[in-house]
Asker: 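I have a structure I would like to understand better, so I am pasting it below and will then ask my questions one at a time.
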Amino acid sequence: MAWRKVGFLGELRPDGVTGVDLDGTPVALYRIDGAVYATHGICTHALAFLTEGFVEDGKVECPLHQGVFDIRSGKALCAPLTQDIKTFAVKVEDGA
């Protein structure tokens with residue numbers, strides 16, 4: 001796997017979500033308790049952008065139908081979600 005630089009740590013809001021485009025794929029970046037996580041940026045249920053969702057306690061809530069995903073694992077945690085979201089490995093190096 002080749003690592004790709006997508007931004008700088010200082011650009012990520014603590015306990016928030018920031019969207020980036022990685023070669024046409026929307027990716028959601030989260031900074032939670034000092035760690036950075038990445039998931040696919042679109043809800044598997046209704047094609048909503050997770051960057052417009054609500055982040056709390058390591059979870060992101062879809063802005064359309066309030067389905068909740070675990071940010072660390074991508075697991076769909078409640079209805080109406082039935083499919084997990086893809087997660088991506090993240091490495092922070094020299095503030096990037």
Asker: Taking all heavy atoms of Gly67 and all of Cys78, pick out the closest pair and write down the distance.
Answerer: CA-SG, 4.1 Å

Asker: First locate atom CG of Asp15, then atom OH of Tyr30, and finally report the distance between them rounded to the nearest 0.5 Å.
Answerer: 13.0 Å

Asker: Report yes or no: do Leu22 and Leu12 belong to one cluster of Ile/Leu/Val/Met/Phe/Trp/Tyr joined by side chain heavy-atom distances under 4.5 Å?
Answerer: yes

Asker: Can Ile42 be reached from Val60 by stepping across I, L, V, M, F, W or Y side chains whose heavy atoms are under 4.5 Å apart?
Answerer: no

Asker: Say you draw a straight line from NE2 of His45 to CD1 of Ile85; how long is it, rounded to the nearest 0.5 Å?
Answerer: 14.5 Å

Asker: Who passes side chain to side chain contact (heavy atoms under 4.5 Å, CB included) against Ala38, sequence neighbours left out?
Answerer: Val27, Leu29, Phe88, Val90

Asker: Linking I/L/V/M/F/W/Y whenever their side-chain heavy atoms sit closer than 4.5 Å, directly or via other members, would Val6 and Val92 fall into one cluster?
Answerer: yes

Asker: For residues Ala76 and Gln83, report the shortest heavy-atom separation together with the two atoms involved.
Answerer: CB-O, 3.7 Å

Asker: About how many Å separate CZ of Phe49 and SG of Cys62, when rounded to the nearest 0.5 Å?
Answerer: 11.5 Å

Asker: By side chain to side chain contact (heavy atoms under 4.5 Å, CB included), which residues pair with Thr87, not counting sequence neighbours?
Answerer: Thr39

Asker: Could you pull out all residues at least two apart from Arg72 that satisfy side chain to side chain contact (heavy atoms under 4.5 Å, CB included)?
Answerer: Ile32, Asp33, Tyr37, Asp70

Asker: What is the minimum heavy-atom distance between His65 and Pro80, and which atoms define it?
Answerer: O-CD, 3.6 Å

Asker: Hey, could you give me the CD/CD1 distance between Glu56 and Ile71, rounded to the nearest 0.5 Å?
Answerer: 10.5 Å

Asker: Between Arg13 (side chain) and Val17 (backbone), is there a donor-acceptor pair under 3.5 Å?
Answerer: yes

Asker: Is there side-chain contact between Glu11 and Thr18, with heavy atoms separated by less than 4.5 Å?
Answerer: no

Asker: Indicate the atoms forming the closest heavy-atom contact of Leu50 with His40, along with that distance.
Answerer: CD1-O, 3.6 Å

Asker: So how far is it from Glu61 CD to Leu81 CG, rounded to the nearest 0.5 Å?
Answerer: 10.0 Å

